[in-house]
Peer 1: 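Pasting a structure here, questions to come.
Sequence positions, counted from 1, serve as the residue numbers for this chain. Computed from a predicted model, the values in this text were never measured in an experiment.
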Amino acid sequence: MSGRGRGRGSSAGGNGGGGRGRSRTGGHASSSSSSMAREFENMSIGSSSTEQGGDRVNATVQVSQQPPMQQRPVQTQPEQVADAPTAPLAVPFVPTSSKKVNRPARPGFGTIGRKCVVKANHFLVDIGQKDPHQYDVAISPEVTSKTKCREIMKHLSSSYGVSHLGNLKLAYDGNKSAFAAGSLPFESKEFVVKLTEHNGREREFKVNIKFAAKKDLHYLREFLGGRHHDCPQETIQALDVVLRESASNGREIVGRSLFSPEFGKGNLGDGIEYWKGFYQSLRPTQMGLSLNIDMSARAFYEPRLASDFVGEFLNKDISRPLTDQERIKVKRALRGVRVEVRRPDYLRRYKIQDLTRQPLNQLTFTDATGATISVVQYYREKYNIQLRFLLLPAIQSGTDAKPTYLPLEICWLAGGQRYASKLNEKQVTNLLRATCQRPKDREDSIGTTMLSNKYNEDELVRKEFGMQVREQFTSIDARVLPPPPIKYHGPSEVNPQVGQWNMMDLKMYDGGTVNHWAIVNFSRHRADAVQHFCNELVRMCANKGIDFKTPPTIPMYTAQPNNIENALVDIHNQCKVQLAPGSHLQLLVVILPDVKGSYGRIKRVCETELGIVTQCCRPQNVMKLNKQYFENVALKINVKVGGRNSVLSASLNGRLPYVTDRPTIIFGADVTHPSKGEDSTPSIASVVASMDWPQVTKYKALVSAQSHRQEIIQDLHTVTTDSKKGVVHGGMIRELLISFKKSTGHKPHRIIFYRDGVSEGQFNEVLLNEMDKIRKACVSLEENYLPPVTFIVVQKRHHTRFFPVKHGDRASTDRSGNILPGTVVDTKICHPTEFDFYLCSHGGIQGTSRPAHYHVLFDENKFNADALQMLTNYLCYTYARCTRAVSIVPPAYYAHLAAFRARSYMEGDFSDSDSRGGQRATRDKVAEVRSLPVIHESVKSVMFYC
């Protein structure tokens with residue numbers, strides 16, 4: 001990854017040196033940016049070239065079986081698709097001052113594929129005739145707990161419903177809004193609510209209810225009918241609150257999901273348990289307003305003594321003192337959690353603010369008389385409690401100025417508290433094992449939950465608002481798209497079956513060459529066992545078409561796990577001595593240590609400091625000598641050394657829609673955010689782009705650190721001012737466009753941009769900002785260079801699921817019982833007017849398959865439905881790491897992998913001080929963004945992230 005101040009042409013070769021560098025961005029703003037722009041301009045739009053290592057595209061071959069697609073020809077091709085309009089080569093900027101861009105209307109429905117019927121977990125809702133009236137709710141003193149707020153509002157409704165609310169019931173969102181099915185008898189009114197707390201004391205709250213707005217259902221009906229293009233989201237949210245009101249009683253609410261032990265619970269380990277529940281959301285669709293119901297599960301703190309939690313969480317004897325690292329780990333896990341102190345006829349709740357640095361036996365405080373007394377003595381004399389774990393820290397509640405110290409062994413973790421930290425590997429495995437459901441079981445659970453919620457018997461829903469929910473799953477006409485033929489070396493071609501294929505007796509389409517490589521063993525395995533393992537791996541690579549020169553550049557290197565950095569530097573230096581000037585180590589096979597935790601360090605040192613591509617292997621695989629494992633690793637090695645495992649036959653015969661007709665670059669982009677609680681850790685943006693038109697299988701990746709939880713990618717395009725050079729343009733889009741031109745000999749005529757990780761509420765903001773940066777990156781390379789762009793959001797974090805109409809039918813399901821790979825849906829449950837579709841491109845393995853949702857936000861290439869659906873489905877068969885179709889389009893998948901690789905570089909890069917200390921600065925947008933190590937030029941030119 002290039003640093004901002006580092007010239008691309010300033011070093012001889014891309015592999016020289018192991019110097020360290022850090023940069024916030026993976027974008028490129030170098031001293032040679034002007035020359036790059038001139039070089040980019042000098043490459044004529046219609047110039048032809050042969051892609052290095054691949055076949056020249058032949059767009060004139062006609063395949064009769066291929067349905068007609070709207071394609072546009074490369075200008076230099078002798079034949080054109082007669083009925084295809086010509087793509088515009090100059091398009092206007094997206095206006096930066098606009099707050100919204102009209103999204104493209106649906107160009108029609110897809111027709112390609114075998115027709116079938118599937119069921120979806122969407123339930124049609126009749127919205128009735130009652131316009132929701134919104135009221136602002138203000139509770140004082142301020143209450144942060146939504147559960148407490150709901151308790152207050154429930155008490156208010158029961159106490160004042162007849163006398164002051166005109167017998168109208170309120171649907172309350174737990175925050176600052178309530179909705180009624182008509183106008184209350186006042187504009188604004190203050191109520192007094194008295195509640196009896198757990199400790200028996202009465203507490204008084206003042207609740208001010210003030211009219212805010214009337215939500216007109218007419219506009220919602222117009223929108224659902226396709227006659228109005230602005231979604232009345234606030235009206236939909238109001239109706240969602242109405243449907244949620246009764247369902248939320250006695251259940252813990254997390255976002256749009258509701259959880260309760262009544263649905264099932266179990267142990268996850270380390271003091272954490274899971275609760276089952278369900279997700280519920282109203283969505284506007286073509287068939288009307290739809291209630292989406294799905295099963296869900298969340299981690300919660302197990303109600304138990306806090307001291308027991310610490311013992312299990314750390315897996316240690318708590319009669320011994322905690323190290324600073326252990327104390328910080330516990331503090332991060334428990335900060336903000338509510339605990340209860342219980343005695344006969346007494347219960348009081350506290351909120352954990354901190355853990356004391358001193359152990360319990362060293363803590364003192366000043367009592368009411370001014371005397372200094374130890375905490376141990378206080379509990380012994382006042383409550384006759386003989387504390388046992390005197391070497392543990394104490395819980396600190398209250399404030400720093402007036403703290404309250406509570407021994408861990410007398411505090412109970414209150415039930416129903418969500419565990420928001422990242423689950424460890426064991427907990428994730430336990431959660432998946434406990435909650436994974438086959439399609440039939442999941443469908444049954446959803447149906448049971450739907451009926452048990454009794455929406456149509458709810459007085460607020462049916463009588464007050466006049467709403468009615470259809471209790472049957474929605475049946476949808478779907479289509480199963482055909483899989484693409486896959487091309488391997490020579491004449492070999494394979495036709496996938498049910499989303500997968502076998503590579504047996506096949507060689508990779510474009511096998512890489514490994515002239516210089518080495519082995520390092522950090523495990524406890526004997527050298528001869530590791531050598532045999534590596535010999536078998538090399539043999540498999542050779543069988544699959546990789547030109548692997550043997551023996552390795554230096555003999556196998558063995559080192560201890562506590563000496564990783566020095567060992568890697570020593571290997572690098574030894575290889576430099578053996579290699580000719582200008583050559584570099586292409587691959588380092590790493591047998592990982594037996595103890596986890598060193599992967600990130602190895603990748604950081606090799607990929608950012610030494611310029612070495614690595615293939616890490618877990619030590620447990622050394623003795624197994626599994627052929628399938630070797631084949632999978634060979635797939636990864638080949639793309640890491642510049643090869644291609646397979647390509648789409650359609651990319652070679654000119655039949656890949658909107659790609660083979662003219663030079664097209666396909667981008668994938670994603671932003672990954674740190675786990676909750678890591679408030680000083682930056683978000684990581686990643687952008688990948690195809691480098692091998694027309695095959696579109698090689699993707700170069702760039703990464704960038706940006707502000708904490710910032711979703712918009714900041715470094716797509718950058719502008720800096722230099723005292724000597726003046727304005728310097730940089731950024732990830734610019735660098736990738738230049739790389740595409742260098743690799744293919746063409747400027748991109750068309751941009752297809754798959755953007756992952758964007759929620760619907762962020763669509764407009766992301767589109768406006770990121771499209772503007774894409775435009776600016778293009779024109780920074782050449783005046784009026786504005787290739788048409790299609791911007792597609794890829795969503796996986798949704799709750800739409802499809803089920804076969806007939807479970808167990810081999811003609812309509814795969815071996816896991818899921819719908820068939822290639823199933824596409826663009827009717828009924830999709831957007832009323834906009835261009836979107838659901839595609840289940842992959843075959844199920846376990847559980848219920850989750851389709852990907854593709855939503856087109858901007859489309860200057862004028863895709864039709866069939867073309868975009870077919871292209872997206874075809875691309876899902878080009879993922880380099882396996883011989884299966886994957887669940888999301890590979891560019892988005894690769895961007896996700898690259899972002900996680902960059903985050904692994906930062907493991908152990910932060911101090912063990914409380915990460916929440918940076919929270920205020922983060923919220924004030926002044927926190928410094930921690931820089932990323934710069935990925936070495938020789939590494940980022942290949943698919944190192946695979």
Side-chain angles (χ1 to χ4, degrees), residues 139-152 154-155 192-206 250 252 260-261 271 273 300-313 318 330-331 333-356 358-419:
I139 301 175
S140 59
E142 185 179 1
V143 179
T144 57
S145 167
K146 287 189 176 183
T147 302
K148 175 65 72 176
C149 288
R150 290 179 186 280
E151 187 180 353
I152 293 168
K154 187 176 181 180
H155 193 82
V192 175
V193 176
K194 296 180 179 180
L195 289 182
T196 302
E197 301 283 277
H198 291 286
N199 55 17
R201 293 185 299 180
E202 189 175 74
R203 191 176 177 192
E204 183 177 291
F205 299 92
K206 292 182 179 178
E252 291 297 324
S260 171
E273 64 182 8
F300 287 81
Y301 289 93
E302 190 178 343
R304 63 192 312 182
L305 281 171
S307 54
D308 291 344
F309 171 85
V310 171
E312 185 172 350
F313 186 72
I318 56 175
V330 173
K331 178 174 71 172
L334 289 180
R335 190 169 186 179
V337 173
R338 299 186 308 276
V339 293
E340 297 174 348
V341 176
R342 305 170 183 174
R343 292 192 294 275
D345 302 322
Y346 176 86
L347 185 149
R348 185 170 180 182
R349 288 189 172 183
Y350 298 86
K351 189 175 184 179
I352 299 176
Q353 302 293 349
D354 205 346
L355 290 185
T356 60
Q358 303 92 341
L360 201 58
N361 59 6
Q362 296 179 20
L363 280 177
T364 61
F365 66 99
T366 304
D367 65 10
T369 66
T372 299
I373 184 173
S374 73
V375 172
V376 175
Q377 180 185 354
Y378 171 80
Y379 278 95
R380 183 174 64 246
E381 293 178 356
K382 180 151 188 174
Y383 300 112
N384 195 29
I385 296 175
Q386 190 68 39
L387 298 174
R388 296 181 298 148
F389 303 111
L390 305 184
L391 298 180
L392 288 180
I395 290 172
Q396 181 180 321
S397 187
T399 63
D400 290 336
K402 192 175 180 181
T404 299
Y405 298 125
L406 303 166
L408 285 160
E409 61 192 272
I410 70 165
C411 296
W412 290 80
L413 300 182
Q417 297 185 87
R418 179 168 63 105
Y419 180 73

Peer 1: Return a table of donor-acceptor pairs under 3.5 angstrom between the side chains of residues 377-391 and protein atoms on other chains or two or more places apart.
Peer 2:
unit_1	atom_1	unit_2	atom_2	d
Q377	NE2	E381	OE2	2.8
Y379	OH	Y405	O	3.2

Peer 1: Is it true that K331 and D354 have a side-chain N and a carboxylate O under 4.0 angstrom from each other?
Peer 2: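 Salt bridge present between K331 and D354.
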Peer 1: For residues F300 and Y419, establish whether the separation of their ring centroids is below 6.0 Å.
Peer 2: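 No, they do not, as the ring centres are separated by 6.0 Å or more.
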Peer 1: How would you list, by chain and number, every residue that makes a side-chain contact (heavy atoms from CB on, under 4.5 Å) with T369, sequence neighbours excluded?
Peer 2: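 Partners of T369 under the side-chain contact (heavy atoms from CB on, under 4.5 Å) test: D367, A371.
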Peer 1: Taking only residues two or more places apart in sequence, or in another chain, which ones meet K148 in a salt bridge (Lys or Arg N to Asp or Glu O under 4.0 Å)?
Peer 2: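 K148 satisfies salt bridge (Lys or Arg N to Asp or Glu O under 4.0 Å) with E151, E197 only.
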Peer 1: E409: what forms a side-chain hydrogen bond (donor to acceptor under 3.5 Å, both in side chains) with it, not counting sequence neighbours?
Peer 2: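 For E409 there are no side-chain hydrogen bond (donor to acceptor under 3.5 Å, both in side chains) partners, ignoring immediate neighbours.
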Peer 1: Hey, are the side chains of P303 and W412 touching, using non-hydrogen atoms and a 4.5 Å cut-off?
Peer 2: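 In short, these two side chains do not touch, never coming nearer than 4.5 Å.
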Peer 1: Applying ring pair (Phe, Tyr, Trp, His ring centres under 6.0 Å), can you list everything that pairs with F313, at least two apart in sequence or on another chain?
Peer 2: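 In terms of ring pair (Phe, Tyr, Trp, His ring centres under 6.0 Å), with neighbours along the sequence ignored, F313 is linked to F309.
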Peer 1: Mind checking side-chain contact (heavy atoms from CB on, under 4.5 Å) for P344 and listing every partner two or more places apart, or none if nothing turns up?
Peer 2: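 Partners of P344 under the side-chain contact (heavy atoms from CB on, under 4.5 Å) test: none.
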Peer 1: Restricting to side-chain contact (heavy atoms from CB on, under 4.5 Å), what partner residues turn up for E142, sequence neighbours left out?
Peer 2: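 Testing E142 for side-chain contact (heavy atoms from CB on, under 4.5 Å), a comparison that skips the adjacent residues, returns none.
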Peer 1: Do side-chain atoms of Q417 reach the backbone of R338 as a donor and acceptor pair under 3.5 angstrom?
Peer 2: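 Side chain of Q417 to backbone of R338: a pair is present.
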Peer 1: T366: what forms a side-chain contact (heavy atoms from CB on, under 4.5 Å) with it, not counting sequence neighbours?
Peer 2: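 Testing T366 for side-chain contact (heavy atoms from CB on, under 4.5 Å), a comparison that skips the adjacent residues, returns T372.
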Peer 1: Partners of E312 by side-chain hydrogen bond (donor to acceptor under 3.5 Å, both in side chains), sequence neighbours excluded?
Peer 2: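 If we apply the side-chain hydrogen bond (donor to acceptor under 3.5 Å, both in side chains) test to E312, skipping adjacent residues, the hits are R304.
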Peer 1: Applying side-chain hydrogen bond (donor to acceptor under 3.5 Å, both in side chains), name anything that partners K146, two or more places apart in sequence or on another chain.
Peer 2: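 K146 satisfies side-chain hydrogen bond (donor to acceptor under 3.5 Å, both in side chains) with no other residue.
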Peer 1: Taking the side chain as every heavy atom from C-beta outward, state whether I395 and Y350 have any atom pair closer than 4.5 Å.
Peer 2: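 They are not in contact (no side-chain heavy atoms under 4.5 Å apart), so the answer is no.
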Peer 1: Could you work out, with salt bridge (Lys or Arg N to Asp or Glu O under 4.0 Å) as the rule, every residue matching R349, not counting sequence neighbours?
Peer 2: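 Per chain and number, R349 pairs via salt bridge (Lys or Arg N to Asp or Glu O under 4.0 Å) with E340.
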Peer 1: Residues in side-chain hydrogen bond (donor to acceptor under 3.5 Å, both in side chains) with S140, at least two apart?
Peer 2: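 Once residues adjacent in sequence are excluded, S140 has no partner under the side-chain hydrogen bond (donor to acceptor under 3.5 Å, both in side chains) criterion.
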